[in-house]
Amino acid sequence: MQPLSRRTHTCGELRAEHAGQTVTLQGWVHFVRNKGQLIFIVLRDRYGTVQLTVNETSSAEVLAIADRVRLEYVLEITGEVQLRGEGLANRKMETGEIEVFPSQFRILSQTKPLPFTIGNETMKASEEVRLKHRYLDLRRPELQRNLLLRHKTTLAARRYLDGLSFVEVETPVLTRSTPEGARDYLVPSRVHPGHWYALPQSPQIFKQLLMVSGLDRYFQIVKCFRDEDLRADRQPEFSQIDLEMSFATRELVMDIAEGMARTVWSEVIGKTLAEDAFPIITYTESMARFGVDNPDVRFAMEHTTLDWSDTGFSVVKNAVEAGGIVKAMVVKGAAGDTSRKGINAWTEFVKRYRLGGLLWGKVTEKGWTGPLGKIEAENQAKIPGVSLGDIVLVAAGPAAHVNAGLGRLRAHIARERGLYPAGMHAFCWVVDFPAFDHDEDEDRWVACHHPFTKPLDEHIPLLAQNRHGEIFSDAYDLVCNGYEILGGSIRIHDAAVQSQVFTALGLTENEARDKFGFLLDALQYGAPPHGGWAAGLDRWVMLLCGTENIRDVIAFPKTTSGADLMAGAPSTVTGEQLVELSVKNTVELADE
């Protein structure tokens, strides 16, 4: 590489062929071992590490300065590269064949006592401490590797899409609030008192307008914001690779997504995805087999829907008579090493998803134990794939609760029992989603994806008949290892159909015009058929890095409560600021 500043080489690039050369290095002290007249220092930068050796042959000045060095001091040294002695090479270091003997030694910066030791796996700090000192945490080679992989991912995606004539266009960050789905983050306007901007949950409407404008193929790597409950794979602000194209079929849009995945996996981690790496299943099939619409297909343990309408077991009988379903899941070989306490923990787990509990049975040589031992033999026989030593789990109740509880439990048990190989990436497409979901809490219909998703052509007439639950959409999600990593749909390009969908969602004509009037107007000026998708960049990088924590692939992430522990955000503001923004009750708010 070209010389940077005064340094001639990076810490990670020196090899045996550099022996005899005089080099200048700059970096952080990763390790120190001081034996008086013999001092070993490992110097680190983002390119790697190299050993510096100071001994009795060094000048008194170099020895004196080296004696003051502590962990994470910033150094600049000039010295000669030498081969290590016979049998002394360090095979754990890429630069382990050589060491550098400094002739000039400068301490560029010192450090106060560290809150945690960087690079010492035996002295792990809590995540809270590391996030508070994120600038130190980011010195860890693992996190720097993650950010480098993220950089390579965005480069690969940009090159791939540019090669297909997609044009990168930036869309507004300050826009109007469209409260459908997650809550918006709101920004008060100083210039327009009492009015608010919203940070975009996605560029959805703007990218559709770009299709109306004739741009044909758009993409953007963009920040999005959603004020929703957080978890390990979700942040309040996140990045997505956003794409839209005109005159698109579902097959074409999905093919472009597969091509991007193949390109990224190949260029970033050197992995070639198989020809059949992207099987397609319908939403209905996914719910029946896995209970969720983002199935992890690295392992089996699929669900079976049971016809137990003739059972005398009251818990199941009552659930069926109330319109519920009965599902079974077999945990292979788990009877011998799963205690009653473990089964109780599974039961508590499913209660998070409004499921009342689980019926279970261990399959032993003497028959079935547990509650399922009381089920009729003919109904036991309806559960396929049961063998000696298995645990059978059965759930009964409303379909939404059974699917969610048993579906999430499937993934939970797989993690507990290590049912999937390390380093495996298993993809699948899930297609033909319902157009609408019924919100039990608010007792209303909401858009399953978003209100701009086109229903299947043959289902459009059902909009006028209020048959919400029977309408499916031209939508598709790409799933990898149980994470939805890309979602999209063919959009509505007919203003009349878009108005029908708004009506189906309970919006009056005035409400629809107030929130989405500019889109309805645009669709009346020659809108082409169009479709696209958004790929969750953070989740892609998380999978490529082999971590399950999205904070590991974001430079400055927030906690699960949405807090930035390093910057101290969110924070209070002064009463004067609130007055200037015309926010109500400003004095009271400022005094709280």
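Along the sequence shown, the residues carry numbers beginning at 1.
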Peer 1: Take atom CD of Glu170 as the centre, draw a 6.0 Å sphere, and report whether it contains more than 12 heavy atoms from other residues, nucleotides or ligands.
Peer 2: no

Peer 1: Is Thr8 reaching over with its side chain to a backbone N or O of Thr24, donor-acceptor style, under 3.5 angstrom?
Peer 2: yes

Peer 1: Would you name the heavy atoms of Gln201 and Phe238 that are closest together and state the gap between them?
Peer 2: O-CZ, 4.0 Å

Peer 1: Restricting to non-hydrogen atoms, name the atom on Pro570 and the atom on Gly562 that form the minimum distance, rounded to 0.1 Å.
Peer 2: CD-O, 4.0 Å

Peer 1: Between Thr249 and Ile490, what is the shortest heavy-atom contact and its length?
Peer 2: C-CD1, 3.9 Å

Peer 1: For Asn294 versus Gly482, what's the shortest heavy-atom pair and its separation?
Peer 2: ND2-O, 3.0 Å

Peer 1: Closer than 3.5 angstrom, by distance alone: can the side chain of Arg134 be matched with the main-chain N or O of Ala555 as a donor-acceptor pair?
Peer 2: yes

Peer 1: Nearest heavy-atom pair of Trp540 and Met260: which atoms, and what distance?
Peer 2: CH2-CE, 3.6 Å

Peer 1: Please indicate whether Trp346 has more than 12 foreign heavy atoms, meaning atoms of other residues, nucleotides or ligands, lying under 6.0 Å from its CH2.
Peer 2: yes

Peer 1: Does NZ or CZ of Arg68 fall inside the cone over Phe105's six-membered ring, less than 6.0 Å from its centre and within 45° of the axis?
Peer 2: no

Peer 1: Parallel, tilted or perpendicular, judged at 30° and 60°: which one describes the rings of Trp265 and His425?
Peer 2: perpendicular

Peer 1: Could you check if a side-chain atom of Asp216 sits within less than 4.5 angstrom of a side-chain atom of Ser246, using non-hydrogen atoms only?
Peer 2: yes

Peer 1: Going from CZ on Phe31 to CG on Leu43, what distance comes out if it is rounded to the nearest 0.5 angstrom?
Peer 2: 13.5 Å

Peer 1: Rounded to the nearest 0.5 Å, what's the gap from OG1 on Thr10 to CZ on Arg44? Could you check?
Peer 2: 13.5 Å

Peer 1: What residue among Arg145, Gln144, Lys152 forms side-chain contact (heavy atoms from CB on, under 4.5 Å) with Leu148?
Peer 2: Lys152

Peer 1: Can you check whether Arg106 reaches Arg6 side chain to side chain, under 4.5 Å on heavy atoms?
Peer 2: yes

Peer 1: Would you check if there is a donor-acceptor pair between the side chains of Thr111 and Glu72 at a distance under 3.5 Å?
Peer 2: no

Peer 1: Can you find a pair of side-chain heavy atoms, one from Arg410 and one from Phe290, that are under 4.5 Å apart?
Peer 2: yes

Peer 1: I'd like to check Tyr73 versus Leu71 (side-chain heavy atoms, cut-off strictly below 4.5 Å). Are they in contact?
Peer 2: no

Peer 1: Are any of the side-chain nitrogens in Arg140 or Glu142 under 4.0 Å away from the carboxylate oxygens of its partner?
Peer 2: yes

Peer 1: Out of curiosity, Ile65 CD1 to Ser58 OG, how far, rounded to the nearest 0.5 Å?
Peer 2: 11.0 Å

Peer 1: Which class fits the ring pair Phe225 and Tyr185: parallel under 30°, tilted 30 to 60°, perpendicular over 60°?
Peer 2: perpendicular

Peer 1: In terms of the angle between their ring planes, are Tyr353 and Phe349 parallel, tilted or perpendicular, with boundaries placed at 30° and 60°?
Peer 2: tilted

Peer 1: Between the side chains of Tyr218 and Asp242, is a donor N or O closer than 3.5 angstrom to an acceptor N or O?
Peer 2: yes

Peer 1: Do NZ/NE/NH1/NH2 and the carboxylate oxygens of Asp432 and Arg250 come within less than 4.0 Å?
Peer 2: yes

Peer 1: Give a yes or no on whether a salt bridge exists between Asp137 and Lys132, defined as a side-chain N under 4.0 angstrom from a carboxylate O.
Peer 2: no

Peer 1: Checking Arg262 side chain against Ala274 main chain: does a donor-acceptor pair fall under 3.5 Å?
Peer 2: yes

Peer 1: What I'd like to find out is whether the side chain of Arg408 reaches to under 4.5 Å of the side chain of Val292, using heavy atoms alone.
Peer 2: yes

Peer 1: Under 3.5 Å, is there a donor on one side chain and an acceptor on the other for Gln240 and Ser202?
Peer 2: no

Peer 1: Tyr160 side chain to Ala261 main-chain N or O, any donor-acceptor pair under 3.5 Å?
Peer 2: no

Peer 1: Can you tell me how far the OH atom of Tyr476 sits from the CD atom of Glu251, to the nearest 0.5 Å?
Peer 2: 9.5 Å

Peer 1: Is it true that a side-chain atom of Arg298 and a backbone atom of Pro421 form a donor plus acceptor pair closer than 3.5 Å?
Peer 2: no

Peer 1: Backbone N or O of Gly48 within a donor-acceptor pair of the Glu94 side chain at under 3.5 Å?
Peer 2: no

Peer 1: Under the side chain to side chain contact (heavy atoms under 4.5 Å, CB included) rule, what do Lys223 and Ser239 come out as? Steps first, then yes or no, please.
Peer 2: CA-CA 5 Å; Lys223 278 282 190 184; Ser239 299; 3.9 Å; yes

Peer 1: Look up atom CG in Asn549 and atom CE in Met542, then write down how far apart they are to the nearest 0.5 Å.
Peer 2: 8.5 Å

Peer 1: Hey, is Glu267 close enough to Arg159 for a salt bridge, meaning N to O under 4.0 Å?
Peer 2: yes

Peer 1: CG/Leu210 to CE/Met245 distance, rounded to the nearest 0.5 angstrom?
Peer 2: 14.5 Å

Peer 1: Are Val54 and Leu63 close enough, and set up right, to give a side chain to side chain contact (heavy atoms under 4.5 Å, CB included), and what steps lead you there?
Peer 2: CA-CA 7 Å; Val54 178; Leu63 267 169; 3.6 Å; yes

Peer 1: Quick one: do Asp184 and Leu199 satisfy side chain to side chain contact (heavy atoms under 4.5 Å, CB included)? Show the steps, please.
Peer 2: CA-CA 7 Å; Asp184 287 327; Leu199 303 181; over 6 Å; no

Peer 1: Could you check whether any side-chain N or O of Asp293 sits under 3.5 Å from a backbone N or O of Ser286, counting only pairs where one atom can act as donor and the other as acceptor?
Peer 2: no

Peer 1: Do other residues, nucleotides or ligands put more than 12 heavy atoms under 6.0 Å from the CD atom of Glu416?
Peer 2: yes

Peer 1: Apply side chain to side chain contact (heavy atoms under 4.5 Å, CB included) to His450 and Arg491, showing your working.
Peer 2: CA-CA 10 Å; His450 53 63; Arg491 323 300 187 189; 3.4 Å; yes

Peer 1: Would you call Cys545 and Arg150 a side-chain contact if the rule is heavy atoms closer than 4.5 Å?
Peer 2: no

Peer 1: Which pair of non-hydrogen atoms, one from Thr53 and one from Pro102, has the smallest distance, and what is that distance?
Peer 2: O-CD, 3.2 Å

Peer 1: Distance alone, cut at 3.5 Å: any donor-acceptor contact between the side chains of Asp45 and Gln26?
Peer 2: no

Peer 1: So, Ser103 versus Thr78: side-chain donor-acceptor pair below 3.5 Å or not?
Peer 2: no

Peer 1: With His151, which residues qualify under ring pair (Phe, Tyr, Trp, His ring centres under 6.0 Å), at least two apart?
Peer 2: none

Peer 1: Are Leu131 and Arg551 packed together at the side-chain level, in the sense that at least one heavy-atom pair is separated by less than 4.5 angstrom?
Peer 2: yes

Peer 1: When you compare the side chain of Pro295 with that of Val430, does any pair of heavy atoms fall below 4.5 Å?
Peer 2: yes

